[in-house]
Amino acid sequence: MRLRIGYVPLCDAAPVILARELGYARDEGIDLDLSAEPSWATLRDRLALGHLDGAHMLAPLALASALGLSGPPSDLTVALPLSLNGNAITFSNALSEAVRDEGGESEDWRAIARAFARVAAARRSAGKPVTIGIVHPFSCHAYQVRLFAQAGGLDPANLRTVVVPPQHGVEALSRGLVDGFCAGAPWNGVALAAGVGRVVVLGSEIAPDAPEKVLAVSARVGEARAPLVRAIARAGLWCADPDHRDELVHHLQRRARVDPELSGVARAFEQSAEDRTGRWLGHLRLGAEAQIATPERLAWLLEQMHAAGQIEDGFAWEAAARALYGLDS
C-alpha cells in the first residue's frame, strides 16, 4: 500500500523520515512517500482534505484539528506519540542585551523571565510591544511562551505573538520582523550559529517532558494504520540510540537532496554529539518513553489549551481527547 506522510523539517521528524530511509515501512508492506510541508497550517489542511494520509504533527494541533477547533473538519486520530521536548525561546541580540541589562544574566530561567517582563512592560508602555514568533496558536511553543511570561510576572496580553513557520524563524529574527521566537530544534541553534540570536531558555526547563509531536493518521488508511505505526515506532527507537547518531546524520543529509532544509536538521544532530547535555537539541526525547500516550500528558495539553482560552473546561473535551489518543479503551 502507498501512503503519503507529511512533515515539517525539524529534528523530531526523524522517526517519520527514517521509517522510509531505513526500509522499515517497506518491511511492513508500505510504500512511504514523504512530503515536506511549508507550515503547520498547510500540513493540517492537507491532512484534513485528503492530500496526506498521515503527518508528523504538533500534539495540540492534532487535537484541535480533530475536535473542529482549527482548520477544516478532520477524521484524524493520534496513532503514536513521537517526541517530548525539543523547543527553545530565542531572543534577538538586541532584546537579549536589554534583558541582561535588567538583571537577566543568570542561569535561572525564572530570573531571566522576570528581567524580560520588565523589558516587555516598558516596551508596551512606550507603544512598542515585544513581538515573539510562535509556530502555531495550537502548539506547546505558544503555551511555553505564555508560561515563561507568567513566570516573570508578565501578563501574556502585553506580548504580541505572530505565527512564523519554524524554518522561517531565523530569517524573521534577522530582518527584525520579530524580537524573538519559540521553535523546535534545529532552528534555535541555527539562529545562534548565524549570530542573529541567543537561546535564553529551553522549553524543557519551562515544562519538562511536554508532549511535542505525534503521528496523526486519517481514518482513510484503514488496516494500514497498524503497520505504519510499527514502522515509525521502530524508527523512533532506532533514532533514540546514541550509537546510531552518525548514521542518522548520513540519512538526513541524503534526504536533504530532496528537502534542503533538512541539512540544518542533520547539522543539529551532529552538534548534539559534541554537546553531551543535549541542550543543542532542546533535550529532545525520542524513543520508547516518548512513544507512550499517558493520561497525564494529555491532561497537561488540555490544561494549557484551557488556560489559553482555546477550549472550555469540562468532561466532554477530556472524553473526546482520550478517544482520539485511544485512552478510553
Side-chain angles (χ1 to χ4, degrees), residues 8 10 38-44 57-65 69-71 86-96 98-99 104 109 112-185 187-188 191 196-207 210 212-213 282 300-301 303-311:
V8 170
L10 292 155
S39 71
W40 291 114
T42 300
L43 179 145
R44 174 203 63 198
M57 199 170 193
L58 297 162
L61 182 58
L63 287 174
S65 182
L69 300 172
S70 180
N87 300 334
I89 297 176
T90 294
F91 287 167
S92 69
N93 294 331
L95 178 58
S96 181
V99 170
W109 72 268
I112 297 172
R114 290 191 291 270
F116 170 69
R118 291 191 288 272
V119 172
R123 289 269 302 266
R124 180 76 174 186
S125 297
K128 298 179 180 180
V130 172
T131 300
I132 302 293
I134 56 171
V135 302
H136 195 277
F138 286 97
S139 69
C140 288
H141 313 68
Y143 308 148
Q144 287 162 357
V145 167
R146 179 176 50 79
L147 291 170
F148 178 72
Q150 290 176 332
L154 177 69
D155 183 345
N158 288 328
L159 289 177
R160 178 174 177 259
T161 58
V162 296
V163 173
V164 179
Q167 63 271 39
H168 298 309
V170 178
E171 180 185 4
L173 195 66
S174 65
R175 293 175 57 190
L177 301 177
V178 297
D179 299 297
F181 66 82
C182 183
W187 302 111
N188 300 282
V196 300
R198 297 173 183 168
V199 178
V200 293
V201 61
L202 302 184
S204 59
E205 296 173 295
I206 300 169
E212 187 51 41
K213 306 301 190 308
W300 184 86
L301 285 176
E303 178 185 347
Q304 300 311 311
M305 293 170 75
H306 178 256
Q310 295 169 335
I311 61 173

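Rounding to the nearest 0.5 Å gives a distance of 10.5 Å between OG of S139 and CE of M305. The CG atom of L173 sits 14.5 Å away from the NE2 atom of H168 when rounded to the nearest 0.5 Å. Interatomic distance, OG of S204 versus CG of N87, reported as 9.0 Å (0.5 Å rounding). From I206, atom CD1 reaches atom CZ of R146 across 11.0 Å, with rounding to the nearest 0.5 Å. The distance from atom SG of C140 to atom CD1 of I134, rounded to the nearest 0.5 Å, is 12.0 Å. For the atom pair CD (Q144) and CD (Q304), the distance works out to 9.0 Å, reported to the nearest 0.5 Å.
When side chains are defined from C-beta on, V178 counts as touching V162, because their heavy atoms get closer than 4.5 Å. The shortest distance between side-chain heavy atoms of P166 and V8 falls below 4.5 Å. V200 places none of its side-chain heavy atoms less than 4.5 Å from the side chain of V99. Annotation: side chain of R44 is in contact with side chain of H136 (closest heavy-atom distance under 4.5 Å). Taking the side chain as every heavy atom from C-beta outward, T161 and P137 never approach each other to under 4.5 Å. In this structure, I89 and V199 have side chains that are not in contact, with every pair of non-hydrogen atoms separated by 4.5 Å or more. Two residues are said to be in side-chain contact when any heavy atoms from C-beta on lie closer than 4.5 Å; V135 and P165 fail this criterion. F138 has its side chain out of reach of S65: every pair of non-hydrogen atoms, C-beta onward, lies at least 4.5 Å apart.
The two residues V170 and W187 come nearest to each other via the heavy atoms CG2-O, 3.4 Å. Nearest heavy-atom pair, S70 versus L61, reported as atom, atom and distance to 0.1 Å: OG-CD1, 3.7 Å. What you find for L202 and A88 is that their closest heavy atoms are CD2-CB, 3.8 Å. In terms of heavy atoms, A172 sits closest to V164 at CB-CG1, 4.2 Å. Pairing each heavy atom of Q150 with each of P156, the nearest pair is CG-CG, 3.7 Å. Heavy-atom minimum distance, C182 versus V145: CB-CG2, 3.7 Å.
If you check the side chains of Q310 and Y143, you find a donor sitting under 3.5 Å from an acceptor. Between the side chains of R198 and T90, no donor N or O sits under 3.5 Å from an acceptor N or O.
Remark: the backbone N or O of K128 is paired with a side-chain donor or acceptor of R123 at under 3.5 angstrom. Put simply, the side chain of D179 gets close to the backbone of T131: a donor and an acceptor are under 3.5 Å apart. Side-chain N or O atoms of S96 include none that pairs as donor or acceptor with a backbone N or O of S92 at under 3.5 Å. Formation of a donor-acceptor pair under 3.5 Å by the E205 side chain with backbone atoms of W109 is not found in this model.
Side-chain rings of F116 and F148 approach one another, their centers coming within less than 6.0 Å.
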- Message: Between L159 and L154, does the side chain to side chain contact (heavy atoms under 4.5 Å, CB included) criterion hold? Intermediate values first, please.
- Response: CA-CA 9 Å; L159 289 177; L154 177 69; 3.9 Å; yes

